[in-house]
Amino acid sequence: MEKVGFEETEGALPPPPPLLPPLARPERLTEPPKRVAISRTGTGRSGRRIELVANHFKVSVNVPDAVFFQYSVLIKSEDNQEVEGKGIGRKVMDKLYQTYSSELAGKSFAYDGEKALYTVGSLPQKKFEFTVVLEEAAVKRSGSPDLTGMETDRKRTKGSFRSKTFNVEISFAARIPMKPIARALKGLEAENTGDALRVIDIILRQQAAKRGCLLVRQSFFHDDVRNFVSVGGGVTACRGFHSSFRTTQGGLSLNMDVSSTMILTPGPVLDFILTNQNLRDPRQIDWGRAKKMLKNLRVKARHNNMEFKIIGISEKACNQQYFPLKMRSGDGSIEETVEITVYDYFKNRKIELANSAYMPCLDVGKLKRPNYLPLELCSLISLQRYTKALSSMQRASLVEKSRQKPQERIQTVTDAVKNYRYDDDPMLKACGISIEKQLTAFEGRVLNAPKLKIGNSEDCIPRNGRWNFNQKKLFSPIQIKRWAIVNFSARCDISYLSKELIKCGRSKGIYIDIPHSLIEEDPQWRRAGPVLRVEKLFEQVKAKLPGPPDFLLCVLPERKNCDIYGPWKKKNLHEMGIFTQCLSPTKINDQYLTNVLLKINSKLGGMNSLLEVEHIPTLPRLKETPTMILGMDVSHGSPGQSDVPSIAAVVGSRSWPLISRYRASVRTQSPKVEMIDSLFKLLPNGEDDGIIRELLVEFYKSSQGRKPEQIIIFRDGVSESQFPQVLNIELEQIIKAVEHLGYTKIPKITLIVAQKNHHTKLFQFNDPNNVPPGTVVDTQIVHPRNYDFYMCAHNGAIGTSRPAHYHVLLDEIGFSADELQNLVHSLSYVYQRSTTAISIVAPICYAHLAAAQMGQFIKFDDSSSDSSSSHGITSAGPVPVAQLPRLHEKVRSSMFFC
């Protein structure tokens with residue numbers, strides 16, 4: 001067979017990576033899409049039947065001809081500045097409705113908190129202009145308040161206050177009929193269905209806003225301490241609810257689920273700082289760190305019960321921080337200015353300060369007009385979002401404290417639907433919308449677990465989504481000859497670890513020679529930086545070994561977030577070309593060592609288990625036609641890290657007809673961009689340096705010179721609104737990469753998007769346990785037209801299982817529903833690092849793993865690491881995006897590089 005375009009150069013490592021062009025805007029569709037998502041072609045029949053319910057509540061629409069009218073809203077302050085901020089906007093619009101209800105013909109409206117409101121039926125006019133006056137108490141949260149008594153010594157009566165005036169313009173924008181929803185429910189093509197659904201979602205959000213809830217996208221959270229759970233570091237998980245309307249085969253439904261968001265723990269500011277910095281003694285506080293954490297937070301002052309926004313902290317302690325105070329003489333005829341400390345000011349007014357004298361004050365004024373408050377008088381108000389990434393300890397605490405058993409979750413969401421009395425909302429009533437109070441019941445199916453092959457061609461039948469290697473050997477175990485152990489941890493006995501690893505390996509069929517050397521880190525370098533520690537230990541490796549080892553086992557001092565991990569991986573996989581496995585054992589036993597050996601065996605080219613249908617190829621539509629499977633994912637920086645490049649990873653299957661072996665290709669791209677831009681990348685010399693070419697070459701080399709005639713793509717991490725971009729931007733890149741390699745015939749392509757970040761939960765009817773592994777649903781709660789299904793392949797031992805939601809956007813291969821669902825189910829059993837079925841197909845898990853771990857190769861300055869703003873920091877200008885270092889050629893064909 002012709003090998004045009006499949007030669008790949010070998011040789012020395014490339015020079016240091018260049019910088020990519022500066023930040024570019026994400027690619028968007030500028031023309032009508034060439035491809036649209038396909039319709040459902042049928043439903044599956046295989047598997048045993050099971051009675052299920054889901055957290056979908058049926059919605060009746062008794063006035064399908066109702067029409068929403070959308071109006072644009074512009075709110076300006078007295079100085080003609082446009083008002084931003086949902087909090088103040090909602091207060092203005094609430095006051096407007098109270099004041100001008102008759103001018104609006106008594107019509108209720110739903111306001112989105114920004115620039116749009118919606119009514120059922122039109123308002124009397126197409127354009128209105130109103131003047132709204134808010135009293136001072138109503139604007140304190142969004143204004144920049146003066147400190148009562150800080151600028152003047154005059155007494156102010158309790159009843160005196162200011163007011164603020166706002167000018168509001170309301171103008172007609174569009175009609176949004178409900179008819180498209182009725183058409184969509186019949187499975188017919190319907191434009192603007194999303195617009196009508198968005199309006200009724202906004203109606204629910206407005207209800208929550210009026211109850212004083214924190215709104216986060218389609219979730220809402222009450223200020224109720226019973227919903228608060230501390231996760232440490234001054235961060236609290238607040239439990240609330242997600243609610244959204246969805247069109248399904250069973251009709252319109254309300255999807256109601258338990259949701260959580262992170263907030264800063266409300267209460268005294270000093271207590272928060274101590275908890276955040278894990279301190280007991282205020283004298284040890286890092287005030288620079290505290291300043292960054294407190295900036296832009298809102299506090300309530302104990303002495304006057306007013307709310308303020310923190311802009312910083314004072315440079316001096318409370319008893320040394322002076323400010324000018326205007327005072328009048330006894331008869332009021334003379335006004336003079338005196339300098340007084342903040343501490344003395346409050347002390348003179350009989351406001352007791354027990355702990356503030358030697359601590360800085362909070363600055364709650366303006367940039368050029370500071371106003372100071374002693375720390376102990378201030379408390380953080382509730383429901384202030386915390387959007388930074390959680391630490392590993394906080395994540396573990398969140399998972400432990402927020403999990404709910406299936407029956408508990410059912411009770412929580414059904415109680416919520418009953419208690420919120422959505423049917424009483426005047427706008428929903430006007431549309432004839434009513435919501436049932438019980439979960440939707442329907443029938444699902446449970447697919448049989450695929451049979452596996454392990455060592456000596458022995459059959460292994462998973463039970464309840466699990467299997468093990470007790471007294472069993474791996475399918476194709478490797479041998480480890482030239483290897484060593486390096487130890488960064490002072491707590492681990494690596495001699496004992498070595499003996500137990502060799503012993504466990506032999507029981508699994510892996511023959512491991514005695515390590516050439518056990519290398520301990522020199523204690524003098526333990527306080528050095530991570531890069532230097534790695535370099536110094538590698539000096540010992542070179543000195544003690546006769547040549548480069550095939551494998552290095554690395555013992556780290558910490559299990560999670562160890563700063564040595566990234567430099568160690570980069571040194572081995574990029575510079576030296578040495579396979580490595582990192583670990584940090586707390587308990588060394590057979591189960592722990594078996595899990596480690598599964599990773600080692602797969603990295604060094606072995607196979608732990610194989611699907612029986614791979615061993616004796618019988619996979620429908622795949623056994624005779626060379627088929628490549630791709631998994632695609634993009635990993636983004638933590639919230640607030642706007643300058644951290646996103647990392648795109650694609651894994652491709654190799655060694656056809658196997659579907660258990662994969663190779664990854666990883667690139668960086670502009671921050672927060674979800675569409676992968678390096679699938680096809682044409683260089684000035686006309687060559688393609690993209691991801692897809694790299695994986696096609698690998699498939700060709702590992703599959704007896706066969707080119708793929710079919711490609712199955714699994715894409716993770718995209719929302720439904722991005723499906724057109726996946727179909728028309730990413731898929732177009734893949735086709736261009738194939739054409740560039742000289743293909744005379746483009747492979748048939750099946751494209752599937754997998755989602756885990758959704759709010760549909762499946763429950764067994766009259767059974768308190770989670771749904772069994774292999775549960776699949778493709779009726780009733782799925783889309784009325786589009787091709788989607790839910791699958792829960794894994795065993796949910798803790799909490800409530802979340803199924804994966806698969807959307808089939810394209811299927812040129814022509815799978816039947818049963819064939820595709822069984823393939824997806826089987827791909828949940830080929831993850832070589834585990835002895836359990838996983839919750840989403842292995843190619844996506846590998847892509848996610850590749851993106852996350854290759855991201856450790858580069859360290860970025862996190863200038864916002866202590867920012868507590870609820871919005872990400874935006875960089876001032878373009879930021880160059882550094883390319884990832886490429887893997888050394890010796891480890892480039894590894895299935896995993898982790």
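These numbers were taken from a predicted model, which means no experiment stands behind them.
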Side chain Arg395, main chain Leu390, donor-acceptor under 3.5 Å:
yes

Can you see whether Ser259 engages His759 through a side-chain donor-acceptor pair at a distance of less than 3.5 angstrom?
no

For His56 and Thr440, does a side-chain donor sit closer than 3.5 Å to a side-chain acceptor?
no

Check the surroundings of atom CD in Glu352: do more than 12 heavy atoms from other residues, nucleotides or ligands lie under 6.0 Å from it?
no

Before you tell me yes or no, could you show the steps for Leu762 and Ile781 under side-chain contact (heavy atoms from CB on, under 4.5 Å), namely the whole-Å CA-CA distance, both residues' side-chain angles and the distance that decides it to 0.1 Å?
CA-CA 10 Å; Leu762 306 177; Ile781 62 169; 3.8 Å; yes

Are the side chains of Thr668 and Ser646 in contact, using a 4.5 Å heavy-atom criterion?
no

Taking atom types as modelled, is there a side-chain donor on Thr236 or Thr265 under 3.5 Å from an acceptor on the other?
yes

In short, Leu556 meets Ser584 closest at the heavy-atom pair O-OG, 3.1 Å

Arg239 and Phe221: CA distance, side-chain angles, deciding distance, side-chain contact (heavy atoms from CB on, under 4.5 Å) verdict
CA-CA 7 Å; Arg239 179 179 291 177; Phe221 305 90; over 6 Å; no

Glu114 and Arg90 ion-paired at < 4.0 Å
no

We want to know whether Asn769 and Gln764 form a side-chain donor-acceptor pair, criterion being a heavy-atom distance below 3.5 angstrom.
no

So that I know where these two stand, are Tyr372 and Tyr345 an aromatic pair - ring centroids less than 6.0 Å apart?
no

Looking at residues at least two apart in the chain, or sitting in another chain, which of them share a salt bridge (charged side-chain N to carboxylate O under 4.0 Å, His left out) with Asp415?
none

Checking the side chain of Gln277 only, and the main-chain atoms of Asp286 only, is there a donor and an acceptor separated by less than 3.5 Å?
yes

Can you confirm whether the side chains of Ser244 and Asp201 place a donor and an acceptor under 3.5 Å from each other?
no

His848 atom NE2, neighbour heavy-atom count above 12 within 6.0 Å:
no

With a sphere of 6.0 Å drawn around CG of Asn757, does it hold more than 12 non-hydrogen atoms of other residues, nucleotides or ligands?
no

Residue pair Thr412 / Gln404, side-chain donor-acceptor N/O under 3.5 Å
yes

May I ask you to check whether over 12 heavy atoms, not counting those of Asn278, lie within 6.0 Å of atom CG?
no

Ignoring hydrogens and geometry, is there a side-chain-to-backbone donor-acceptor pair from Ser402 to Leu398 under 3.5 Å?
yes

On a heavy-atom basis, the closest approach of Leu254 and Leu204 is CD1-CD1, 3.7 Å

Should Phe763 and Val771 be marked as a side-chain contact (heavy atoms from CB on, under 4.5 Å) after you check the CA-CA gap, both sets of side-chain angles, and the distance that decides it?
CA-CA 6 Å; Phe763 308 93; Val771 296; 5.6 Å; no

Side chain Asn770, main chain Gly796, donor-acceptor under 3.5 Å:
yes

Step by step, work out the side-chain contact (heavy atoms from CB on, under 4.5 Å) result for Lys95 and Phe166.
CA-CA 11 Å; Lys95 182 69 172 179; Phe166 299 90; over 6 Å; no

Looking at Pro768 and Pro406, what are the two nearest heavy atoms and their distance?
O-CG, 3.6 Å

So which atom in Glu720 and which in Gln755 form the shortest heavy-atom distance, rounded to 0.1 Å?
N-NE2, 3.9 Å

Under the rule for ring-ring contact (aromatic ring centres under 6.0 Å, His included), what residues qualify as partners of Tyr118, not counting sequence neighbours?
none

Looking at every non-hydrogen atom in both residues, tell me the closest pair between Ala754 and Ile840 and how far apart they are.
CB-CD1, 3.6 Å

CD of Gln407: more than 12 outside heavy atoms within 6.0 angstrom?
yes

Within a 6.0 Å radius of atom NZ on Lys756, are there more than 12 heavy atoms belonging to other residues, nucleotides or ligands?
yes

Heavy atoms from other residues, nucleotides or ligands near NZ of Lys316 exceed 12 (cutoff 6.0 Å):
no

With Phe272 as reference, evaluate Val235, Leu380, Val299 under the side-chain contact (heavy atoms from CB on, under 4.5 Å) test and give the passing residue.
Leu380

Atom pair CZ/NZ of Arg409 and Lys761 - distance to nearest 0.5 Å
5.0 Å

Does the side chain of Glu376 pick up a donor-acceptor pair with the side chain of Ser356 at under 3.5 Å?
yes

Is the Phe220 ring parallel, tilted or perpendicular to the His222 ring (thresholds 30°, 60°)?
perpendicular

Is any side-chain N of the basic residue among Asp363 and Lys291 closer than 4.0 Å to the acidic one's carboxylate O?
no

Hey, is the main chain of Ser801 close enough, under 3.5 Å, to the side chain of His794 for a donor-acceptor pair?
no

Ser314 to Gln321 - nearest heavy-atom pair and separation
CB-OE1, 3.5 Å

Using a 6.0 Å distance limit plus a 45 degree cone around the ring axis, check whether Arg802 lies over the aromatic ring of Tyr790.
no

Please step through ring pair (Phe, Tyr, Trp, His ring centres under 6.0 Å) for the pair His303 and Phe308, ending with a clear verdict.
CA-CA 13 Å; His303 68 292; Phe308 305 102; 7.5 Å; no

Quick one: which of Leu439, Val417, Ile435 gives a side-chain contact (heavy atoms from CB on, under 4.5 Å) with Met256?
Val417

Hits for side-chain hydrogen bond (donor to acceptor under 3.5 Å, both in side chains) against Asp425, two or more places apart or cross-chain, chain-then-number order -> Gln207

Please test Glu82 against Lys115 for salt bridge (charged side-chain N to carboxylate O under 4.0 Å, His left out), starting from the C-alpha separation and ending with a verdict.
CA-CA 11 Å; Glu82 187 173 344; Lys115 296 187 177 182; 2.9 Å; yes

